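All of these numbers come straight from a predicted model, not from anything done at the bench. Labels below follow one simple rule: chain letters A, B, ... track the order of the sequence lines, proteins then strands, and each chain is numbered from 1.
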Amino acid sequence: MENFDASLIVTLIGMSVIFVVLGILWATIMILEWVFPHQEPPAPKTEDEGEIVAVIQAAIAAYLKRRPENITITPVK
Amino acid sequence: MQETITVSSAFSQIFAMTGFSAITIGQVVMILIALGLIYLAIEKGFEPLLLVPIGFGALLANLPLSHMMAGDEGGLLYYFYQGVRSEIWPPLIFLGVGALTDFGPLLANPLTLFLGAAAQIGVYITLVVAVLLGFSLQQAAAIGIIGGADGPTAIFLSNKLAPELLGPIAVAAYSYMSLVPIIQPPIMKLITTEKERKIKMEQLKPVSREMRIMFPIVVTIITLLLLPAAAPLIGMLMLGNLFRECGVTKRLHDTSETHLINIVTILLALAVGSSMTAASFLTVQTVKIIVLGLFAFGAATAGGLLLGKLLMVITRGKVNPLIGSAGVSAVPMAARVSQKVGSEADPHNFLLMHAMGPNVAGVIGTAVAAGVMLALFGESALMTPGHAEALIGQGVEFVRSILWG
């Protein structure tokens, strides 16, 4: 009977300690979240499209034997 | 004077040197049990990584004259067993578990920590029932931890509190862990309604790298300041996780989650198997432990589910109670069971990552539960049978002082 009473006390103590420890961890995670918020990584830099367009324009102009300023390149996306 | 050797005396001498001359009925039964464990592991897929070496260790230990029992000083498995006795293998397994574990789902939804805590009720209810069945407090504590569904913790604690029960406790813990997909669903369906099982949870938010790195460090400091007895398990678990998250210890992380954990699993499982002798295993206590282990798993599952239902009410339907059953540890099997039962109710319900939160919280919860048991019953025990009455008296006085001033 004494062991039974002791087991009930152990249950009470054990569950209380577990909830207290994990409760403190919960509060800690909330603080960590506030201190270290997730930040979306910056979008990867796109290359300078102007330079590429100029190269394409020059290549087409050379092929067509026309002046580059007479060729219009329009983005289709 | 020259000794005469006859054919019959030569044969009898040779026979006396074989195991056949010394084998007992108990050893034959234990060999059959060992073969049964190996069969279950290979044919039925019951935790094969553990039950194959445990079964083989038991087979070696019960073949007479082979000196492979855990207690056979000088034998090979005697030295393997020293890693259990001196508490080296279970914490090293925890190092590997930490390296394998992603605490991201827990960090994204820290409320699930409480589900891991609630599931530990199975540990303590089983402790009470074990005491009622005649086990000592120390033995009952070691049996109760089966409900934590965490093999290394069960071995660690039973070695400390009840080494004579190590074999049956380890076998029960690992057998029931492999039976989680069979044990849990009926309890889950009994406690939750169809409508509750259909609840869809919001997608988990991303977690910053800094938070992932800080988590194992902070958990170690806080938990071990509060509960130093849990240091070997929590300390190694969190070190393994730091290897994983810090990004600068790739080799250590790789070793921890593969080669180290595999090597230690072999040593630990063989050592546990070698402790399964007829004298320690073929007892009524073993039968009781097997039954109590099943009860512990069921009670732990119910505890997690009931708190899951409470959280569902508090959050106004944002938590699916099914993820509560994953609080029993058994990573990641229990989380998969939550996913399976949830998707049976609604095929578009994806609970796996949500259930991983309570699942890994259960690992921490079980280690804390073991720490509490060690603090109460370990070498520097706070509670012995003689102290129990005094503690009860103090408890009653404390409650009185709160109620009546």
[X] versus chain A, the contacting section by heavy-atom distance below 4.5 Å:
X: B:A141; result: neither
X: B:L132; result: side chain
X: B:V207; result: backbone
X: B:L113; result: both
X: B:A369; result: both
X: B:I121; result: both

Check your understanding: In terms of heavy-atom proximity below 4.5 Å to chain B, should A:E33 be classed as side chain, backbone, both, or neither?
Key ->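 Contact with chain B involves both backbone and side-chain atoms of A:E33.
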Exercise for review: Give the member of A:L25, A:T28, A:V17 that has the highest number of heavy-atom pairs under 4.5 Å with chain B.
Suggested key: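 Highest number of pairs under 4.5 Å: A:L25.
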Donor-acceptor check, side chain of [X] to backbone of [Y], threshold 3.5 angstrom: yes or no?
X: B:K288; Y: B:L133; answer: yes
X: B:S136; Y: B:Q139; answer: yes
X: B:S208; Y: A:F36; answer: yes
X: B:N359; Y: B:G327; answer: no
X: B:H354; Y: B:A335; answer: no

Practice item. Taking all non-hydrogen atoms of both residues into account, name the closest pair between B:Y124 and A:G14 and its distance. Key: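 Closest approach of B:Y124 to A:G14: OH-CA, 3.4 Å.
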Check your understanding: So B:V123 and A:M15, side-chain contact (heavy atoms from CB on, under 4.5 Å) or not? Walk me through it.
Key -> CA-CA 10 Å; B:V123 171; A:M15 286 308 291; over 6 Å; no
Practice item. Against chain A, work out which of B:A140, B:P206, B:A361 has the most heavy-atom pairs shorter than 4.5 Å and name it. Key: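 So the answer, after comparing B:A140, B:P206, B:A361, is B:P206.
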